[in-house]
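As structure tokens, the structure follows; a few thoughts come after it.
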Amino acid sequence: MNDPHAAAAHVPPVAPAVPTATTTPAPALAPGGPAPATARTEVTVTTPERMRELGRRLAGLLRPGDLVLLTGELGAGKTTLTRGLGEGLGVRGAVTSPTFVIARVHPSLGDGPPLVHVDAYRLGGGLDEMEDLDLDVSLPDSVVAVEWGDGKVEELSEDRLHVVIARAVGAEAATSEPAGAEAAGAGAADGVPAGAGAVPGGPGEDAAPAADVRRVTVTGVGPRWAGADLSVLTV
């Protein structure tokens, strides 16, 4: 009869485990989660006319189905930029604040896309409420610009541009090009005497003094904007 203790003595020792390198995959975005930013630029804007010019340049990058979300406090210049956007797209009708109608459709005067200008400030239901507006236009065939849209209508498209307009402060505002006479001329072009007043049809949106300097951050989100050259927006 074999001695179990003797057999155990002949079992070779187990080699210690050797640590191995592992690669952890990047976490996938959760359904409905934020899409990654793919392009970004910042522009300093010193006058209302330059804000409109920024809108005109932005129009040159847009195509049917594009979604533009505009964020900024009252008087920041969201409607002024959208006015330039409408000029660049060549649409019919004066672009003014849509506050009292929530959304306004501007048909194209040529073969370009219409502009749908939305004020989401009062869209308590967010996307569902916007879809119930009966805009008599196909959103995938239009350029949609939404003021106060952050957090409300992102689900309209995974590809979108976020435009954030902020007042420059401190050294940045002090060292920016003075608005001076140019600002006065641009204000007059908008129907606003330099430094005061609101643009006709825009209830308070563009009432900020013309000399205020703005810092505009444009961020492209989604595959549509991957590799896009947003430097052309510099005004």
Side-chain angles (χ1 to χ4, degrees), residues 34-89 91 95-99 103-104 106 113-121 123 126-127 130 139 142-169 172 176 186 190 199 202 205-206 208 212-235:
T38 55
R40 179 187 177 94
T41 193
E42 291 187 348
V43 183
T44 299
V45 180
T46 56
T47 69
E49 176 52 36
R50 289 193 177 184
M51 187 68 79
R52 289 174 71 169
E53 174 60 21
L54 176 59
R56 289 189 286 267
R57 296 191 182 199
L58 181 60
L61 298 176
L62 300 178
R63 64 191 186 196
D66 281 342
L67 173 64
V68 181
L69 304 182
L70 298 143
T71 300
E73 63 186 17
L74 285 172
K78 299 184 296 295
T79 299
T80 299
L81 187 147
T82 308
R83 186 173 297 116
L85 186 61
E87 293 169 358
L89 291 173
V91 300
V95 174
T96 58
S97 173
T99 299
R104 182 177 287 112
H106 297 272
L115 171 65
V116 180
H117 185 199
V118 181
D119 185 339
Y121 188 78
L123 282 181
L127 182 62
M130 183 172 172
L139 295 182
S142 310
V143 169
V144 182
V146 185
E147 299 185 24
W148 307 100
D150 275 356
K152 295 184 178 181
V153 299
E154 282 90 342
E155 292 181 21
L156 280 173
S157 176
E158 67 170 337
D159 301 309
R160 54 191 178 272
L161 276 181
H162 289 259
V163 180
V164 179
I165 306 173
R167 284 187 169 89
V169 295
E172 182 180 15
S176 297
D190 272 352
V199 172
E205 165 60 26
D206 295 307
D212 281 0
V213 176
R214 301 288 191 266
R215 190 67 173 171
V216 182
T217 304
V218 182
T219 304
V221 173
R224 156 78 172 92
W225 297 102
D229 182 12
L230 299 183
S231 66
V232 299
L233 298 177
T234 304
V235 295

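Basis for what follows: all heavy atoms, side chains included, without hydrogens, waters or symmetry-related copies.
- Val216 is not listed as a side-chain neighbour of Glu42, based on a closest heavy-atom distance of 4.5 Å or more.
- Looking at residues two or more places apart in sequence or on another chain, you find a side-chain contact (heavy atoms from CB on, under 4.5 Å) between Arg56 and Glu49, Arg52, Glu53, Glu87.
- Side chain of Arg40 to main chain of Thr217: no donor-acceptor pair is present (N/O by atom type, distance under 3.5 Å, no hydrogens or angles).
- Met51 and Gly77 make their closest contact through CG-O, 3.8 Å (heavy atoms, listed as atom of the first residue, atom of the second, distance).
- When every heavy atom of Ala103 is checked against every heavy atom of Val118, the shortest pair comes out as CB-CG2, 3.9 Å.
- Taken to the nearest 0.5 Å, the CG atom of Asp159 stands 7.5 Å off from the OG1 atom of Thr38.
- Although no hydrogens or angles enter the test, the distance criterion places no donor-acceptor pair under 3.5 Å between the side chain of Thr82 and the main chain of Leu85.
- Looking only at side-chain heavy atoms (C-beta outward), Val213 and Val45 stay at 4.5 Å or farther from each other.
- The backbone N or O of Thr71 lies less than 3.5 Å from no partner atom in the side chain of Lys78, so there is not a single donor-acceptor pair.
- In this structure, CG in Leu230 is found 6.5 Å from CG in Leu161, a value given to the nearest 0.5 Å.
- For the pair Arg50 and Arg214, the minimum side-chain heavy-atom distance is 4.5 Å or more.
- Taking all atoms of both residues into account, the shortest heavy-atom contact from Asp150 to His162 is OD1-ND1, 3.0 Å.
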*For side chain to side chain contact (heavy atoms under 4.5 Å, CB included), just list the numbers for Val68 and Val144, CA-CA rounded to whole Å, side-chain angles, deciding distance to a tenth of an Å, and then say yes or no.*
CA-CA 6 Å; Val68 181; Val144 182; over 6 Å; no

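- With sequence neighbours left out, the side-chain hydrogen bond (donor to acceptor under 3.5 Å, both in side chains) criterion links Asp66 to Arg224.
- Partners of Ser157 under the side-chain hydrogen bond (donor to acceptor under 3.5 Å, both in side chains) rule, at least two apart in sequence or in another chain, do not exist in this structure.
- Results of the side-chain contact (heavy atoms from CB on, under 4.5 Å) test with Val146 over Asp119, Leu67, Val116 single out Leu67 as the only residue that passes.
- Counting only N and O atoms by type, the side chains of His106 and Arg104 include no donor and acceptor under 3.5 Å apart.
- How far OG of Ser142 is from CZ of Arg63: 14.5 Å, rounded to the nearest 0.5 Å.
- Contact of the Leu70 side chain with the Trp148 side chain is not registered, since no non-hydrogen atoms from C-beta on lie closer than 4.5 Å.
- Only one option out of Val163, Leu233, Ile165 pairs with Leu54 in a side-chain contact (heavy atoms from CB on, under 4.5 Å); it is Leu233.
- When all heavy atoms are compared, the tightest approach of Val95 to Arg83 is O-NE, 3.2 Å.
- Interatomic distance, CZ of Arg160 versus CG of Leu69, reported as 6.5 Å (0.5 Å rounding).
- With sequence neighbours excluded, the residues that form a side-chain contact (heavy atoms from CB on, under 4.5 Å) with Val143 are Leu62, Leu89, Pro113, Leu115.
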